[in-house]
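In listed order, ligands and their atoms are each counted from 1. Being a predicted model, the structure only gives us computed values, none of them experimental.
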Amino acid sequence: MFQAEKFFNIQKSSLAHEFYYFEKLESTNSTAAILARKGCPEGTIVLANEQTKGRGRKGADWYSPPDTNLYFSLVLYPDISRLQYLPFAAGLAVVGALDQLGLQPELKWPNDILVRGKKISGIMMESSLESNSVQHVILGCGINVNVQDFTHELVPSATSIVVETGVLTSRESILASFLMEFETLYEKVKKISWDEFSLEIERRSSYIQGCPVRIALDGETWEGITAGLDSYGGLMLKTPSGKRVFYAGEVQSCRKN
Ligand code: BTN
């Protein structure tokens, strides 16, 4: 069980003013969207100890066993001009929280967080827009904290904090660190230009600039050298047949070392 009281004793961010804890939910993103439609305050957190229909990007499931990991959603009401910053800000906040544990996390475009090349966390942003303004944004975040046994399909590609460090870590303290990191980044993204922010993203990702990669999308594969992010957060790729920009796709590094 996640200990909400312990979390509130250590958490210092001004987010999570409203905090909804559930032992079991289908998906924290779905519940958070219901609350957002009812007008819950910015910074509301929905957290579940277990998800029965945890959702990942591209229609994938998110492995959500009980008592081990973090599954939570954050409700925001940003200006539409900041929308594209937010999933990256959440990714950077996870990177910051994992840095504090001595891990060496990196962002993999668009929103995966890897340690030693394996996925330790994923971010999924869902937004509701109406006539060019944001009704709400739900930032859903899954962090593999204390899970040691992955499903057969995940074994080659997934990792967790306990697998990497050898010690069980408190989910309450990771969530508190994430929120501190995210709060700072959220204030920053309200002010800085996309160009400045994308440099910050590039600093935490070896994939985004000058990296030979293979990108798979809709059954096709492109190879080339990454050339940074465009002004919408798309990944630019120099290919033998010219420059392309990707807004979705599965990136695989082809670096030899
Ligand atoms: C991905 O990498 O595909 C994104 C995974 C996002 C998973 C989180 S867990 C909490 C929130 N609720 C969900 O159903 N999904 C997100």
Side-chain angles (χ1 to χ4, degrees), residues 2 4 7 15-16 19-37 40 43-76 84 86-95 97-98 105-115 117-128 136-147 150-151 153-154 156-161 171-172 174-175 178-179 182 201 204-205 207 215-217 233 235 246-252:
F2 182 91
F7 165 68
L15 300 165
F19 185 87
Y20 293 84
Y21 173 72
F22 297 87
E23 269 301 303
K24 203 190 263 196
L25 273 185
E26 287 197 347
S27 156
T28 58
N29 264 34
S30 307
T31 301
I34 294 169
L35 291 167
R37 271 184 237 116
C40 68
T44 295
I45 293 277
V46 177
L47 185 140
N49 188 45
E50 175 183 5
Q51 294 185 121
T52 52
K53 287 188 185 161
R55 296 187 277 114
R57 293 194 313 273
K58 295 173 279 173
D61 295 333
W62 185 257
Y63 182 53
S64 310
D67 302 319
T68 52
N69 298 330
L70 278 169
Y71 321 111
F72 62 92
S73 301
L74 173 62
V75 180
L76 300 171
Q84 89 222 38
L86 295 180
F88 293 107
L92 287 175
V94 173
V95 164
L98 298 183
E106 88 159 326
L107 263 184
K108 180 186 171 202
W109 180 91
N111 302 127
D112 293 345
I113 296 89
L114 308 185
V115 171
K118 291 188 170 192
K119 185 159 168 172
I120 199 161
S121 170
I123 309 288
M124 183 172 69
M125 179 170 96
E126 296 182 308
S127 46
S128 162
H136 66 251
V137 163
I138 310 296
L139 269 177
C141 179
I143 306 178
N144 296 335
V145 181
N146 291 323
V147 62
F150 289 100
T151 57
E153 311 85 74
L154 287 177
S157 60
T159 191
S160 65
I161 294 174
R171 290 181 289 170
E172 295 80 4
I174 310 266
L175 179 62
F178 168 88
L179 289 173
F182 185 80
I201 299 166
R204 295 314 308 241
S205 172
Y207 285 76
I215 302 185
L217 178 66
L235 182 63
F246 290 83
Y247 296 101
E250 188 55 41
V251 185
Q252 197 194 332

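- The local environment of CG in Asp61 is sparse, with at most 12 non-hydrogen atoms from other residues, nucleotides or ligands closer than 6.0 Å.
- Annotation for Lys53 and Ser27: closest pair O-CB, 3.6 Å, computed over non-hydrogen atoms.
- Annotation: Phe7 is not in aromatic contact with Tyr21 [ring centroid separation under 6.0 Å not met].
- Shown are Thr44, Thr31, Thr28; of these, the side chain to side chain donor-acceptor pair (under 3.5 Å) with Ser73 is made only by Thr28.
- Closer than 4.0 angstrom to ligand 1 sit non-hydrogen atoms from Ser27, Thr28, Asn29, Gln51, Gly54, Arg55, Gly56, Arg57, Trp62, Tyr71, Phe72, Ser73, Asp112, Lys119, Gly122, Ile123, Met124, Gly140, Cys141, Gly142.
- With a 4.5 Å cut-off on side-chain heavy atoms, Val147 and Tyr63 count as touching.
- For Leu217, the side chain to side chain contact (heavy atoms under 4.5 Å, CB included) partners are Trp222, Phe246, Ala248, not counting sequence neighbours.
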